*Asks:* 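Following this message is one structure expressed as structure tokens.
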2 protein chains.
Amino acid sequence: MARTTPRRWRDIATDLLQRIEAGDLSPGDGSSGRRRLPPEKDLESYYGASRNTVRDALSWLQQQGFVVSEQGKGTFVVHRPNIVHVTLSAAELGLAPGNRSGQWYNRDAFIPASREVTVSPVKVEVQEGTKVIARYLQTNPGSEFVSRHQELFLDERPWALQTSFYPLSFATEGASRLLYPRDIPEGAVAYLGETLGYSEVGFHDEIRARIPDENEKRFFNLGDSAADVVFETVRTAYSPDGKAFRLTVTVWPADRTRLHYNNGKVPDDVLRTPGLGPSDHAPRESPPADDAGSG
Amino acid sequence: MARTTPRRWRDIATDLLQRIEAGDLSPGDGSSGRRRLPPEKDLESYYGASRNTVRDALSWLQQQGFVVSEQGKGTFVVHRPNIVHVTLSAAELGLAPGNRSGQWYNRDAFIPASREVTVSPVKVEVQEGTKVIARYLQTNPGSEFVSRHQELFLDERPWALQTSFYPLSFATEGASRLLYPRDIPEGAVAYLGETLGYSEVGFHDEIRARIPDENEKRFFNLGDSAADVVFETVRTAYSPDGKAFRLTVTVWPADRTRLHYNNGKVPDDVLRTPGLGPSDHAPRESPPADDAGSG
DNA sequence: TGGGATTTGTTCGTATGTATG
DNA sequence: ACATACATACGAACAAATCCC
């Protein structure tokens, strides 16, 4: 039945999605490697709908993360980058010593070998701690902290944004290098051990998913689609006396990141290659249905 | 002067967001406890813009998760539920025995005491494993699995969707209760220990964030906004001989869930009350700016 | 370098459909 | 049955970014 009833844009979106996933769009393309959809005017005549209706369909596809539109250029199929698997369990619990099939970044994140981690210069700030930071680090609200911020790249691509907080007193009582905007090659934890005698005997991680802020959108190249969210992990490190002495906040783009934790005895191959290799299944939003409900 | 320049909807969205967060909208409301925005027609005259432009603004607010529109009823400020903190580290590593300030659900998830977990009836299916399941459980693609699916509620509210997979051979070789759609009070792991001698000596977790499918949207009452994403945790449990014998996939609504992991020695109060209590800071999308960019 | 064509972005106007109360 | 309110759809014009000759 010819539905003069609404939902015209859903039909168009469904059909476009099908054509996108079948790959039969813009056959003779290849300009910048991105697949391009026909211009709105063409879709208008192809589907016999008004431009606004076509735009409603494209808008839904964009919101769901399937396409992205760029003024003056066109609408393009979104290319989702490869998944990066990051292991966050402690180094001590996981790999046998001498294992060379992976590397730890900052003793916090384990990634497969053969991938290269590069970092931006450290940006150091001294700030009054927010209530949240003070609570995590068990200090008085209003006390000062050193924050050390870095942009992390994996194979030259944006990978994570990381900020560590330390009580300012650490820097004034021996660990002065915390204040210098330079990398600490041996790692901040080891340095705090040498200078102040701290050692990390445990940590607590809190994981959330949220919408990125403008800065994160720029760095990770994220848009407004529902697929463009970030993980935020907050790691609190504890010394033997139960004092929190480091707070590290890391932000990861969730569309290309999987977080892994190991606990207890886990086979070596799982430790080495989390995610298990080949193609990752990617269950996305199901095609628009009139009403998927069964009650 | 009628400004013909673009971005009219951004101005409206910014202003509406400000009014929402200031709380000065629909002063005399209270019908169902939800704050309601003025109808589109009113906003049309209030801002001196066309209805379509007002709708563009509302559409953005909805996409960002600030409001939700319901046909025939109105547009309402979104009420984000309280955050639930869930600890996923193994029971053995964490709490001292006899600690009564919390409870483990299924030995997998630790939540504060005083909250009540209820579960739906178990839905049991026997299915050919997907490639992914077979890979995780180290079996041949095409072999059969028992899946046990449950809806979990916390204080009567939807909390998580959980599905566990076991090789069908487990059920045919002694652990027949896996096939019955009834709860296994002592826990499936303990039951597999009694019947088949399996014990869980370690596990591996993989965490992702993704857009919910239609079923998850219904269960968790999620919409299409970018704030409406879910965590999916995949837990693989290992026995002493390194064999994976259980695969549990759990889906959590990310807007009201924080995941926690402990590792090593962590103070007791952190173990007991992850999230540290009072109000959770909720950095959301910053108000729309003309262009936050510098390049 | 310029200028016109292409393509998406924004805004307005209008009409009708559908859900709610 | 009627009014309210959001959803869908069409048509039209101009703005802004990009592309191309």
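By convention in this document, chain letters (A, B, ...) are assigned in the order of the sequence lines, proteins followed by strands, and residues within each chain are numbered from 1. The structure displayed is predicted, hence computed values, not measured ones.
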*Asks:* Return the 5'-most residue of the pair A:G72, B:G72 with respect to DNA chain C, ranking by each residue's nearest nucleotide.
*Replies:*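 Going by which nucleotide is closer to the 5' end, it is A:G72.
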*Asks:* Name the closest nucleotide to the B:R55 side chain, picking from C:dG21, C:dT10, D:dT8.
*Replies:* D:dT8
*Asks:* Parallel, tilted or perpendicular: which fits the ring planes of B:F219 and B:F153, with parallel below 30° and perpendicular above 60°?
*Replies:*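 Correct class here is perpendicular.
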*Asks:* What is the distance, rounded to the nearest whole Å, between atom CD of A:E70 and atom C1' of D:dA15?
*Replies:* 18 Å
*Asks:* Grab the CZ-P distance between B:R34 and C:dT20 for me, whole Å please.
*Replies:*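 Roughly 12 Å, once rounded to whole Å.
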*Asks:* For A:E40 and D:dA12, give me the distance from atom CD to atom P, rounded to whole Å.
*Replies:* 17 Å
*Asks:* Let's see if you can work this out: which of C:dC12, C:dT10, D:dT8 has an atom nearest to the side-chain heavy atoms of B:N52?
*Replies:* C:dC12
*Asks:* Go through the structure and list residues passing salt bridge (Lys or Arg N to Asp or Glu O under 4.0 Å) with A:D183, not counting sequence neighbours.
*Replies:*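 So A:D183 forms no salt bridge (Lys or Arg N to Asp or Glu O under 4.0 Å) with any residue.
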*Asks:* Check the distance between D:dA3's C1' and B:K73's NZ and give it to me in whole angstrom.
*Replies:* 18 Å
*Asks:* For residues 119-126 of chain B, tabulate all N or O donor-acceptor pairs below 3.5 Å that involve a side-chain atom, not counting sequence neighbours.
*Replies:*
| from | atom 1 | to | atom 2 | distance (Å) |
| --- | --- | --- | --- | --- |
| B:S120 | OG | B:E151 | N | 2.9 |
| B:E125 | OE1 | B:Q127 | NE2 | 3.2 |

*Asks:* Sequence neighbours left out, what passes salt bridge (Lys or Arg N to Asp or Glu O under 4.0 Å) with B:E70? Give chain and number order.
*Replies:*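 Scan of B:E70 (salt bridge (Lys or Arg N to Asp or Glu O under 4.0 Å), adjacent residues dropped) gives B:R34, B:K73.
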*Asks:* Does a side-chain N or O from B:R7 land closer than 4.0 Å to OP1 or OP2 of C:dG9, or not?
*Replies:*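 So the side chain of B:R7 is outside the cut-off, no N or O lying under 4.0 Å from OP1 or OP2 of C:dG9.
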*Asks:* Has B:D213 got a side-chain atom pairing as donor or acceptor with B:N215's backbone, closer than 3.5 angstrom?
*Replies:*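 Yes: the side chain of B:D213 pairs with the backbone of B:N215.
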*Asks:* Determine: side-chain N/O of A:T75 to OP1/OP2 of C:dT8, distance under 4.0 Å, yes or no.
*Replies:*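 Result: yes.
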*Asks:* Between C1' on D:dA7 and CG on B:D224, what's the gap in Å once rounded to a whole number?
*Replies:* 14 Å
*Asks:* Specify the separation, in whole Å, of atom CH2 of A:W60 and atom P of D:dT8.
*Replies:*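 Going from CH2 in A:W60 over to P in D:dT8 covers 13 Å.
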*Asks:* I'd like to check the side chain to side chain donor-acceptor pair (under 3.5 Å) partners of A:H260; sequence neighbours left out, ordered by chain and number.
*Replies:* A:H85, B:H204
*Asks:* Check whether NZ of the Lys or CZ of the Arg B:R19 lies under 6.0 Å from the centre of the six-membered ring of B:Y46 and within 45 degrees of that ring's axis.
*Replies:* yes
*Asks:* Only counting residues at least two apart or in another chain, list the ones meeting salt bridge (Lys or Arg N to Asp or Glu O under 4.0 Å) with A:D108.
*Replies:* A:R235, A:R246
*Asks:* Side chain of B:Q71, base of D:dA5: donor and acceptor closer than 3.5 Å?
*Replies:*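 No.
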*Asks:* What is the distance from CG of A:L58 to P of C:dT10, rounded to the nearest Å?
*Replies:*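 About 14 Å, once rounded to whole Å.
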*Asks:* At under 4.0 Å, does any side-chain N or O of A:S69 touch on OP1 or OP2 of C:dT8?
*Replies:*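 Checking C:dT8 against A:S69, no side-chain N or O comes under 4.0 Å of OP1 or OP2.
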*Asks:* Tell which nucleotide pairs with C:dC12, taking only Watson-Crick or G-U wobble pairs whose two distances are both under 3.5 angstrom.
*Replies:* D:dG11
*Asks:* Name every residue in residues 41-51 of chain A that has at least one heavy atom under 4.0 Å from any atom of DNA chain C, in order of residue number, or write none if there are no such residues.
*Replies:* A:R51
*Asks:* Check the distance between D:dA17's C1' and A:F76's CZ and give it to me in whole angstrom.
*Replies:* 12 Å
*Asks:* For DNA chain D, whose closest nucleotide is more 5', that of A:T53 or that of B:P39?
*Replies:* B:P39
*Asks:* Would you indicate, yes or no, if C:dT7 has its OP1 or OP2 atom less than 4.0 angstrom from a side-chain nitrogen or oxygen of A:R36?
*Replies:*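 The answer is yes; a side-chain N or O of A:R36 sits under 4.0 Å from OP1 or OP2.
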